[in-house]
Every structure is written in structure tokens, then in C-alpha cells.
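Some notes on the structure that comes next.
Everything numeric here is computed off the predicted structure, so don't read it as measured data.
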Amino acid sequence: DYIETQISNVQAVLADRSDRLWIGSSEGLFSKKLEGSGKDVFQAHLTKAKLNAVSLFEDDFGQIWIGTLGDGLYVYQPKTGASRHIGPKEGLPNGNVLSIDGLGQRVWLATLAGATQIEYGSDMLQAGRLAIRPPDQQEGLGTNFLYKVFIDSKERVWLGTDGKGVSVIENGEVTNYFATEPANEKG
């Protein structure tokens, strides 16, 4: 299917468990119910924040985590409209959140200052529990510029780096997989 939209510079896409399509762009955060009505109308969210949304993630509570370029992280509850901004004041080491993934009450962020882990509770939008910290083995990643984070079925955290290959964090240990130069074929 093809969805028409007036939203330009789409940088992130998420289909949530309520069959709603979320789009993050340099123009902000938008959603559309996937109902096949024939008319593609997107609703804008968090318009006062003027988001440059580059990454999206839905947690177990149905909250949408929005990573931005330069303005940190926003967490938004679509059912109530409640939101929370997480930036340097809350302990976020970098405002460029390029990728988000999570499991349970823990999310991981890939930023331009390394990986960040956030543990939170169901009350986080009411200024509840929030613990922000880099992984214990951050220096083992080889670079602070991370573009992608992915948590696999074995709860390993995979990180796509800028020029230093792929790193995985498992049981607190970092393993790096570097790209190798192809063998020079003769003949």
C-alpha cells in the first residue's frame, strides 16, 4: 500500500501495537490510524516542542519514545497526551538520539556520545523513577559515535558504530566486530 502525506523529510517510522503509524521528521511527530479509510490524514503531536524526530520506539506501557537531533528525548503517552522531556538536566549525556530500543522497563539509546541506558517505572511521565547511565564498558566500544541500537532475543545489545564496526554488549562485556578488507583476488 501507498500512503500519501504532506510530511517531508521522514526520518523515522513506527507501527505501534494499536495499528497507528507514527512518523518522525524534521517537522515533528505525526500519527495516522491504519484503517484504510482512503484518506490519509496525519495528526501532529507535541507541536510546542518543535521536534526534529529521528528515532521512535514504543515501550511496554504504550508510550512513544522520540529521539531528536539536538534536543534529547521525549516520552509521549498517546492516550492521555502526557509527555516528559529528558535532556542534559535529567542526566542525558548527549542530545542527539539516533536510535532507541528497549526491553521491559529499560531502553538503550545510540547517540553521538555513546550508548546510554535508561531504567524507568510506569510512573515516569509523572516525574517518577528514571535512572540514566552509560554501560559499564562504554570505553570498550572504540567510538562514541553510534548510529543504531538493537536488542536481540537473547537480550544482547548490538550497536552500530561510525567506522568501528558492530559492537555487542552481553553480560556486561563488550565484543567488537570490525570490518575486514576483502582479500585481493588474483586471476
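- Using modelled atom types, one finds a donor on one side chain and an acceptor on the other under 3.5 Å when comparing Ser8 with Glu27.
- Below 30°, between 30° and 60°, or above 60°: for Phe61 and Tyr120 the angle between ring planes is above 60°, a perpendicular geometry.
- Of all non-hydrogen atoms in Lys148 and Ser99, the two that sit nearest each other are CD-OG, 3.4 Å.
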Inset, instruction - Check the pair Trp65 / Val107 against side chain to side chain contact (heavy atoms under 4.5 Å, CB included), numbers first and verdict last. - result: CA-CA 9 Å; Trp65 294 66; Val107 295; 3.6 Å; yes
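- Residues Arg106 and Gln117 meet the side-chain proximity criterion, which asks for heavy atoms closer than 4.5 Å.
- Under a 3.5 Å cut-off, the side chain of Asp152 and the backbone N or O of Lys154 do form a donor-acceptor pair.
- Contact check for Arg17 versus Glu58: side-chain heavy atoms found under the 4.5 Å cut-off.
- Ile132 has its side chain within reach of Thr116: a pair of non-hydrogen atoms, C-beta onward, lies under 4.5 Å apart.
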Inset, instruction - Please test Leu14 against Ile64 for side chain to side chain contact (heavy atoms under 4.5 Å, CB included), starting from the C-alpha separation and ending with a verdict. - result: CA-CA 9 Å; Leu14 170 73; Ile64 306 298; 3.8 Å; yes
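- Leu159 has its side chain within reach of Ile169: a pair of non-hydrogen atoms, C-beta onward, lies under 4.5 Å apart.
- Going from atom CD of Gln105 over to atom CD1 of Ile118 covers 13.0 Å, rounded to the nearest 0.5 Å.
- A distance-only check finds a donor-acceptor pair linking the side chain of Arg84 to the backbone of Met124 [under 3.5 Å].
- In terms of the side-chain contact (heavy atoms from CB on, under 4.5 Å) criterion, residue partners of Ala44 (sequence neighbours excluded) are, by chain and number, Phe30, Thr47.
- In this structure, Leu29 CG and Leu46 CG are separated by 6.0 Å, a value rounded to the nearest 0.5 Å.
- Arg156 contributes atom CZ, which lies 13.5 Å from atom OG of Ser167 (distance to the nearest 0.5 angstrom).
- By the 4.5 Å heavy-atom criterion applied to side chains, Val157 and Phe150 are not counted as neighbours.
- Residues Ile66 and Leu73 have side chains not in contact (no heavy-atom distance under 4.5 Å, counting atoms from C-beta outward).
- For the pair Leu103/Glu155, a side-chain contact is recorded, criterion being any heavy-atom separation below 4.5 Å from C-beta on.
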Legend entry - Check against side chain to side chain contact (heavy atoms under 4.5 Å, CB included), Val13 and Leu56: CA-CA 7 Å; Val13 177; Leu56 299 171; 5.9 Å; no
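- Grouping the Ile, Leu, Val, Met, Phe, Trp and Tyr side chains by contacts below 4.5 angstrom, directly or via other members, places Ile151 apart from Val75.
- In this structure, the side chain of Ser18 does not engage the main chain of Arg20 through any donor-acceptor pair within 3.5 Å.
- Counting heavy atoms from C-beta on, the side chains of Tyr147 and Thr161 never come closer than 4.5 Å.
- Across every non-hydrogen atom of Thr68 and Val54, the tightest pair is C-CG2, 4.0 Å.
- If you take CG on Leu146 and CG on Leu98, they are separated by 8.5 Å, rounding to the nearest 0.5 Å.
- Remark: side-chain polar atoms of Gln11 are paired, donor with acceptor, to backbone N or O of Ala53 under 3.5 angstrom.
- Using cut-offs of 30° and 60° on the angle between ring planes, the pair Trp22 and Tyr76 is perpendicular.
- Taken to the nearest 0.5 Å, the OG atom of Ser26 stands 5.5 Å off from the CG atom of Asn52.
- In this structure, the separation between CD on Gln63 and NZ on Lys79 is 10.5 Å, given to the nearest 0.5 Å.
- Linking ILVMFWY side-chain heavy atoms closer than 4.5 Å, directly or via other members, places Leu69 and Leu112 in a single hydrophobic cluster.
- A side chain to side chain contact (heavy atoms under 4.5 Å, CB included) with Leu109 is found for one member of Val149, Asp101, Leu92 and no other, namely Leu92.
- Under the 4.5 Å side-chain heavy-atom criterion for ILVMFWY residues, no single connected hydrophobic cluster contains both Leu130 and Trp108.
- For Glu90, the CD atom sits in a packed shell: over 12 heavy atoms of surrounding residues, nucleotides or ligands are nearer than 6.0 Å.
- Pairing each heavy atom of Pro78 with each of Gly62, the nearest pair is CD-O, 3.4 Å.
- Using modelled atom types, no side-chain atom of Asp123 and backbone atom of Gln126 make a donor-acceptor pair closer than 3.5 Å.
- Remark: side-chain polar atoms of Asn96 are paired, donor with acceptor, to backbone N or O of Gly70 under 3.5 angstrom.
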